[in-house]
Amino acid sequence: MTRHFLTLRDCSGDELERIIARAIALKKLRAEGRQYAPLQHRTLALIFDKSSTRTRVSFEAGMTQLGGVAMFLSPNDLQLGRGEPIEDTARVISRMVDVVAIRTHEHSKVERFATHSTVPVINALTDRHHPCQLLADIQTYVERRGSIRGRVAAWVGDGNNVCHSWIDAAALFGFTLRIATPDGYAPDQNIVERAAGHVERAASFDEAITGADIVITDTWASMGQEQEKNQRIRVFEPFRVDSRAMRLATPGALFMHCLPAYRGMEVTTDVIDGPQSVVWDEAENRLHAQKALLEFLLAPTLNG
Ligand code: CP
Ligand code: NVA
């Protein structure tokens, strides 16, 4: 059966731990200058209808390093942009390439594509989830501090796509996620409920962060919410992560942000550019974690 990666829940906790361990091993291989190219003659199609720096570059560079090729397709170049159904697009493209990564707005679009695809489909970000980011983020935590099991992470700000994937991660990797958002910006209740026992809604920003091992935030206005930006800035103002907030966390706490970041908005410059910030590792690890994911998803088609 074709495996897809639309949310973290498409994998078991054990599989995710294996992917993280493999990402760390692939990072080491690259640092040693050793080539590893199991995906020769394989093609990854990247269908992106939102901007991207990290996700696009890491998938393209990662595919090259693994010996394969990545093909970037904007929907405006595809007949998809002129009304060809997503189901037909999936049937056609999956007969030609080996794996597809999609970045789009509605999560249902990646689900519809996956239903009609004969090859693995990876969610490269939707309005609802960003599972690839979490592979890199958990890898980053493990590299810096060891296992994340039993730890406390604090998500402060918008209950958005990245927050939803952190919620899934809490259940699958066995840690607690404390969440503080302004009223009206809470994460989806269904996603919270299926992580029961691993998610706590904090009464305040300070309560979420106090004693946390990780402090995480994201932009206050995600892609597609540009029109709401000014209103959101007013609402989210008390949720800025600054040095006072970081002092509430444990002394060794890490600051995480998927990037792109807006200094002076959701995080102050001294925090994101300070010693507790691991944002550049998170960004780099997108490369290694997605290489491990590609290897995992394509494993059944290799050596045979
Ligand atoms: N974090 C992340 O997905 O970044 P990009 O939007 O640049 O891909
Ligand atoms: N929440 C952000 C993440 C960007 C990587 C967005 O969806 O725009």
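For ligands, and for the atoms within them, numbers begin at 1 and follow the listed sequence.
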- [ ] Starting from atom 3 (C) of ligand 2, locate the nearest protein heavy atom and write down its residue, its atom name and how far away it is, to 0.1 Å.
- [x] Asp218 OD2, 3.7 Å
Task: Distance from atom 7 (O) of ligand 2 to nearest protein heavy atom, with residue and atom - done: Asn161 ND2, 2.8 Å
Open item on the list: List the protein residues in contact with ligand 1, where contact means a heavy-atom separation under 4.0 angstrom.
Closed with: Ser52, Thr53, Arg54, Thr55, Arg103, His130, Gln133, Cys258, Leu259, Arg286
Closer than 4.0 angstrom, basic N to acidic O: yes or no for [X] and [Y]?
X: Glu87; Y: Arg112; value: yes
X: Arg240; Y: Glu237; value: yes
X: Arg54; Y: Glu282; value: no
X: Glu17; Y: Arg149; value: yes
X: Arg145; Y: Asp213; value: no

Open item on the list: Could you tell me if Arg22 sits above the aromatic ring of Tyr36, with its cationic atom closer than 6.0 Å to the ring centre and no more than 45 degrees from the axis?
Closed with: yes
Open item on the list: Does Lys291 qualify as a cation-pi partner of Phe296, given the criterion of NZ or CZ under 6.0 Å from the six-membered ring centre and within 45 degrees of its axis?
Closed with: no
Open item on the list: If the cut-off is 4.0 Å to any non-hydrogen atom of Leu259, which atoms of ligand 2 fall inside it?
Closed with: 5 (C)
Open item on the list: Quick check on contacts: which atoms of ligand 2 are under 4.0 angstrom from a heavy atom of Leu125?
Closed with: 3 (C), 4 (C), 5 (C), 7 (O)
TODO: Please work out whether the ring planes of His257 and Phe255 are parallel, tilted or perpendicular, with thresholds of 30° and 60°.
DONE: tilted
Mind checking whether [X] has an N or O less than 3.5 Å away from an N or O of ligand 2?
X: Met223; result: yes
X: Ser222; result: yes
X: His130; result: no

TODO: Scan His164, Lys50, Lys109 and name whichever one has a side-chain hydrogen bond (donor to acceptor under 3.5 Å, both in side chains) with Asp127.
DONE: Lys50
